[in-house]
A.B. asks: 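Quick one: the structure is below, questions incoming.
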Amino acid sequence: MKATTASALFPTPLSLEQAAALTPQQVLMAVQGWLHSEQQAAAFQQQLTAFKEQIDALKHQLDWFKRQTFGQKSEKRIPEAPANQLSLGETMGMEAAALPATAPTRLVPAHQRKVLRSAEDKAEAVPFFDENRVPVETIEIPNPEIAGLTPEQYTVIGSKETYRLAQQPGSYVVIKYVRPVIKRLDTQTISCPPAPVGVLEGSRADVSFVAGVTVDKFLYHLPLYRIHQRLQDMGFTLSRVWLTQLMQQIARLLEPIYEAQFESIRASRVKAMDETPIKAGLKGAGKMKQGYFWPVYGELDEICFPYCESRRAEHVDQLLGLTASPGSVLITDGYAAYSRYAQKTEGLTHAQCWAHTRREFFESQDADPQRAAVALEMIGNIYAVEAEIRDRGLKGAKKQDVRLTKAKPLVEAFFTWVADTAADTGLLPSNPMSKALAYAHKRRAGLEVFLSDADVPIDTNHLERGLRVIPMGRRAWLFCWTELGAKQVGIVQSLLTTCRLHDINPYDYLVDVLQRVGQHPSSRVAELTPRLWKQHFAANPLRSDLYNISQ
């Protein structure tokens, strides 16, 4: 039987006499109808609230995707000007209005001003290049005033130099080794000197070409097929497969150096770690597997990009090991794999990144702009203390003293605000601001590690800058054909990026190391890592024959 509602039984309000005349069955039916209506309304309201939360979450995701695709990705925050602060135009307008119609005048004494340099004078200024490394072609321009004059009729009293940046159609050169074949008349023997030994046995590639192609591919993100096209346009007949094999051989030569650098990073007391995706290996017809680089940054400004086939937590154990020296610190983002690793590694402290915490509040601005502005302002004040430390060049105990006296009160005030704001029952759990508050509150212990250890950075931005070469490369070469190829990309990229960190010219480094690695004692292979190479060999590096010819 269908339930009868109270509105159907009593379409109009009842008087006291009418209500007293109702039978018990009629009263029971009315009460049941009211309860049923109330339950329906509550269920509808609950469903409406759930839909609203879902719509807000989807809207936030859509705004994020729009910003990633079309918007500005910078997280720089420019505070709005105070409402009572006038713009420059408004100020000038007020000043102009305040001036009388006929302002008084006064005479200004004459004076001389420096004449600004013209474009031609700027071209004759100090050279804009390193004359020891850049080839210069000199062109002498005759003076038309001496046309028809004899050398006895004029004197050269000086010269002016003007510089222009020029480019030849191509920079590739072929070295031609001419080896004379001789026959001794006394012994009738024929001899010919051997060809110079290259870094790759039997290869037609000079070390200068190998180093140049490696730098073009891994630092300037020029895919090999484009390098191959450029070589063809310049008159070379080469196979693209040959270029690929060349890169594989170079990676194998550099692998012992990469391993030595990774050992140095593992031995660091303070390390930073992250992960970034890369397509590597065939998954099926037209599909690639999803792999990951796990960049690790050591305290001696060295970085390595080990490759693993997934983002599983077990890879952190494999890469870093489950033993750590007392006082070791690992700073990461909020990925749970790092927290689990720190919990089972004795002697390791897990520090968290403030930049990732700030990002949570930055992305909640659309949902709750007022609270987000407060959070960003408070975090900005903490970063201002770090900027002061950087500007003053403080290290060690002095750096820690400034953090404890200036940054610690700001950090405590921030987490007090986080706790008070999270207690606000008006915030829904699905609200981005609620998620940002929970993210910060859950990681408070890790976010406070930098206050008590001067060697721990406040964030992982130094690592983020180092690993930028991977996403930039993904836009150029898109993927690695095999997992082995991804591993080799990590080997080469680790050494070249570390060169940048130590202000080493990557080309000079590769030319020297590729010639040296085959003869260098394996027990001292660490000397060929960029950091130690700069100390031992950078002052007098090995050069290619092409360099020796041009000198």
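Numbers for residues simply follow the sequence, beginning at 1. Side chains included, hydrogens not; waters and symmetry mates left out as well; all remaining heavy atoms used.
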A.B. asks: Ignoring hydrogens and angles, tell me if any N or O in the side chain of T482 forms a donor-acceptor pair with the backbone of G485 under 3.5 Å.
C.D. replies: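 At least one qualifying donor-acceptor pair exists.
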
A.B. asks: Show me, pair by pair, the donor-acceptor contacts under 3.5 angstrom made by side chains of residues 347-355, not counting sequence neighbours?
C.D. replies:
unit_1: H350; atom_1: NE2; unit_2: T332; atom_2: OG1; d: 2.7
unit_1: W354; atom_1: NE1; unit_2: L447; atom_2: O; d: 2.8

A.B. asks: Checking D424 against R371 for the salt bridge (Lys or Arg N to Asp or Glu O under 4.0 Å) test, could you report, in this order, the C-alpha distance in whole Å, the side-chain angles of both residues, the deciding distance, and whether it holds?
C.D. replies: CA-CA 12 Å; D424 184 357; R371 289 189 177 97; 2.4 Å; yes

A.B. asks: Does any N or O in the side chain of T357 come within less than 3.5 Å of the main-chain N or O of A440, such that one atom is a donor and the other an acceptor?
C.D. replies: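 Here the side-chain-to-backbone pair does not exist.
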
A.B. asks: In Å and rounded to the nearest 0.5 Å, what is the CG to NE2 distance from L532 to H502?
C.D. replies: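 Going from the CG atom of L532 to the NE2 atom of H502 covers 8.5 Å.
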
A.B. asks: Side chains of T276 and R474: does their closest heavy-atom pair fall under 4.5 Å?
C.D. replies: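 With C-beta onward as the side chain, the pair touches.
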
A.B. asks: Hey, what's the ring geometry for F361 with F414, parallel, tilted or perpendicular (30° and 60° as the breaks)?
C.D. replies: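 Rings of F361 and F414: perpendicular, over 60°.
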
A.B. asks: Please indicate whether K534 has more than 12 foreign heavy atoms, meaning atoms of other residues, nucleotides or ligands, lying under 6.0 Å from its NZ.
C.D. replies: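 It does: K534 NZ has more than 12 such atoms within range.
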
A.B. asks: For residues M247 and T214, determine if any side-chain heavy atom of one lies less than 4.5 Å from a side-chain heavy atom of the other.
C.D. replies: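 Yes, their side chains come closer than 4.5 Å.
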
A.B. asks: Is any side-chain heavy atom of K217 less than 4.5 Å from a side-chain heavy atom of L243?
C.D. replies: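 Answer no - side chains too far apart.
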
A.B. asks: Heavy-atom count around D420 CG within 6.0 Å, excluding the residue itself: above 12?
C.D. replies: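 Yes.
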
A.B. asks: What I'd like to find out is whether the side chain of D401 reaches to under 4.5 Å of the side chain of L394, using heavy atoms alone.
C.D. replies: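 They are not in side-chain contact.
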
A.B. asks: Please tell me if the side chains of D216 and R230 come closer than 4.5 Å, counting only heavy atoms from C-beta onward.
C.D. replies: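 The answer is yes, as the side chains (C-beta and beyond) meet within the 4.5 Å cut-off.
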
A.B. asks: If you define the side chain from C-beta out and look only at heavy atoms, does anything of L320 sit under 4.5 Å from V296?
C.D. replies: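 L320 vs V296: side chains touch.
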
A.B. asks: Evaluate side-chain contact (heavy atoms from CB on, under 4.5 Å) for V374 paired with Q370, printing each intermediate quantity in order.
C.D. replies: CA-CA 7 Å; V374 173; Q370 293 183 347; 5.9 Å; no

A.B. asks: With a 4.5 Å limit on heavy-atom distance, are the side chains of I257 and W533 in contact?
C.D. replies: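 SC-SC contact between I257 and W533 ruled out.
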
A.B. asks: What is the minimum heavy-atom distance between Y439 and G334, and which atoms define it?
C.D. replies: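 Minimum heavy-atom separation between Y439 and G334: OH-N, 3.2 Å.
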
A.B. asks: Would you call E363-R359 a salt bridge at under 4.0 Å N-O?
C.D. replies: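 Here E363 does not pair with R359 in a salt bridge, since their nearest N and O are not under 4.0 Å apart.
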
A.B. asks: Look at the side chain of T421 and the backbone N and O of V418, then say whether any donor-acceptor pair between them is shorter than 3.5 Å.
C.D. replies: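 No, the answer is negative, given that no donor and acceptor are paired below the 3.5 Å cut-off.
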
A.B. asks: Any sub-3.5 Å donor-acceptor pair from R269's side-chain atoms to E299's backbone N or O?
C.D. replies: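 No.
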
A.B. asks: Salt bridge (charged side-chain N to carboxylate O under 4.0 Å, His left out): which pairs involve residues 280-291, sequence neighbours left out?
C.D. replies: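 Residue pairs passing salt bridge (charged side-chain N to carboxylate O under 4.0 Å, His left out), neighbours aside: K289-E483.
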
A.B. asks: To the nearest 0.5 Å, tell me how far C480 SG sits from Q488 CD.
C.D. replies: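 C480 SG to Q488 CD: 9.5 Å, rounded to 0.5 Å.
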
A.B. asks: Tell me, do P530 and L495 make a side-chain contact under 4.5 Å, heavy atoms counted?
C.D. replies: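 Result yes, sub-4.5 Å side-chain heavy-atom pair found.
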
A.B. asks: What do you reckon, is NZ of K271 surrounded by more than 12 foreign heavy atoms closer than 6.0 Å?
C.D. replies: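 Yes, because the 6.0 Å sphere around NZ of K271 holds more than 12 heavy atoms from other groups.
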
A.B. asks: How far apart are the C-alpha atoms of L410 and Y383, what are their side-chain angles, what is the distance that settles it, and do they pass the side-chain contact (heavy atoms from CB on, under 4.5 Å) test?
C.D. replies: CA-CA 10 Å; L410 298 174; Y383 269 90; over 6 Å; no

A.B. asks: For V469 and H221, which heavy atoms make the closest approach, and how far apart are they?
C.D. replies: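 Result for this residue pair: O-CE1, 3.3 Å.
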
A.B. asks: When you look at V513 and L254, which way does the side-chain contact (heavy atoms from CB on, under 4.5 Å) test go after all the steps?
C.D. replies: CA-CA 8 Å; V513 165; L254 297 176; 4.1 Å; yes

A.B. asks: If you measure from CG on L428 to NZ on K435, what distance do you get to the nearest 0.5 Å?
C.D. replies: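 The CG atom of L428 sits 11.0 Å away from the NZ atom of K435.
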
A.B. asks: For residues M433 and S364, report the shortest heavy-atom separation together with the two atoms involved.
C.D. replies: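 Minimum heavy-atom separation between M433 and S364: CE-OG, 3.3 Å.
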
A.B. asks: side-chain contact (heavy atoms from CB on, under 4.5 Å) for L322 and Y341? Distances and angles first, verdict last.
C.D. replies: CA-CA 8 Å; L322 293 176; Y341 170 76; 3.9 Å; yes

A.B. asks: Can you tell whether the side chains of R252 and E255 come within less than 4.0 Å, N to carboxylate O?
C.D. replies: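 No salt bridge links R252 with E255.
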
A.B. asks: Using a 6.0 Å cut-off, check whether atom NE2 of H441 has over 12 heavy atoms from anything other than its own residue.
C.D. replies: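 Check fails, neighbour count at 12 or below.
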
A.B. asks: Which salt bridge (charged side-chain N to carboxylate O under 4.0 Å, His left out) pairs, counting each pair once, include a residue from residues 334-351, with sequence neighbours left out?
C.D. replies: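 Sorted result for residues 334-351: D317-K344.
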
A.B. asks: Could you list the residues that satisfy ring-ring contact (aromatic ring centres under 6.0 Å, His included) with Y335, not counting sequence neighbours?
C.D. replies: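 Per chain and number, Y335 pairs via ring-ring contact (aromatic ring centres under 6.0 Å, His included) with Y338.
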
A.B. asks: Say whether, by atom type as modelled, one donor and one acceptor occur between the side chain of S434 and the main chain of S430 under 3.5 angstrom.
C.D. replies: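 Not confirmed, S434 side chain does not pair with S430 backbone.
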
A.B. asks: Ignoring hydrogens, what is the shortest heavy-atom contact between D455 and V270? Give both atom names and the distance.
C.D. replies: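 So the two residues come closest at O-CG1, 3.9 Å.
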
A.B. asks: For Q261 and T498, run side-chain hydrogen bond (donor to acceptor under 3.5 Å, both in side chains): C-alpha distance rounded to whole Å, both residues' side-chain angles, the deciding distance at 0.1 Å, then the answer.
C.D. replies: CA-CA 10 Å; Q261 179 167 288; T498 304; 3.0 Å; yes

A.B. asks: For the backbone of A342 and the side chain of T345, can you confirm whether one donor and one acceptor N or O come within less than 3.5 Å of each other?
C.D. replies: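 Between the backbone of A342 and the side chain of T345 there is no qualifying donor-acceptor contact (under 3.5 Å).
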
A.B. asks: Ignoring hydrogens and angles, tell me if any N or O in the side chain of Y509 forms a donor-acceptor pair with the backbone of L528 under 3.5 Å.
C.D. replies: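 Yes: the side chain of Y509 pairs with the backbone of L528.
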
A.B. asks: If a pair satisfies salt bridge (charged side-chain N to carboxylate O under 4.0 Å, His left out) and one of its residues is in residues 378-388, list it, with sequence neighbours excluded.
C.D. replies: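 Qualifying pairs: E386-R403, E388-R392, E388-K406.
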
A.B. asks: Return a table of donor-acceptor pairs under 3.5 angstrom between the side chains of residues 300-307 and protein atoms on other chains or two or more places apart.
C.D. replies:
unit_1: D301; atom_1: OD1; unit_2: Y297; atom_2: OH; d: 2.8
unit_1: E302; atom_1: OE1; unit_2: S264; atom_2: OG; d: 2.7
unit_1: E302; atom_1: OE2; unit_2: R531; atom_2: NE; d: 3.1

A.B. asks: Between CE of M378 and OG1 of T416, what distance do you get to the nearest 0.5 Å?
C.D. replies: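 That separation rounds to 7.5 Å.
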
A.B. asks: Mind listing the closest non-hydrogen atom pair of I331 and P457 along with its distance?
C.D. replies: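 What the structure gives for the nearest pair is CD1-O, 3.3 Å.
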
A.B. asks: Any chance you could measure F218, atom CZ, to L496, atom CG, to the nearest 0.5 Å?
C.D. replies: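 So the gap between those two atoms works out to 7.5 Å.
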
A.B. asks: Kindly give the heavy-atom pair with the smallest separation between L319 and R266, and that separation in Å.
C.D. replies: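 Nearest pair, atom of L319 first, then R266: O-NE, 2.8 Å.
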
A.B. asks: Can you check whether P409's main-chain N or O pairs, donor with acceptor, with E412's side chain at less than 3.5 Å?
C.D. replies: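 Absent.
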
A.B. asks: Please round to the nearest 0.5 Å and tell me the distance separating atom CD1 of I491 and atom CD of E259.
C.D. replies: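 Result: 7.0 Å between the selected atoms.
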
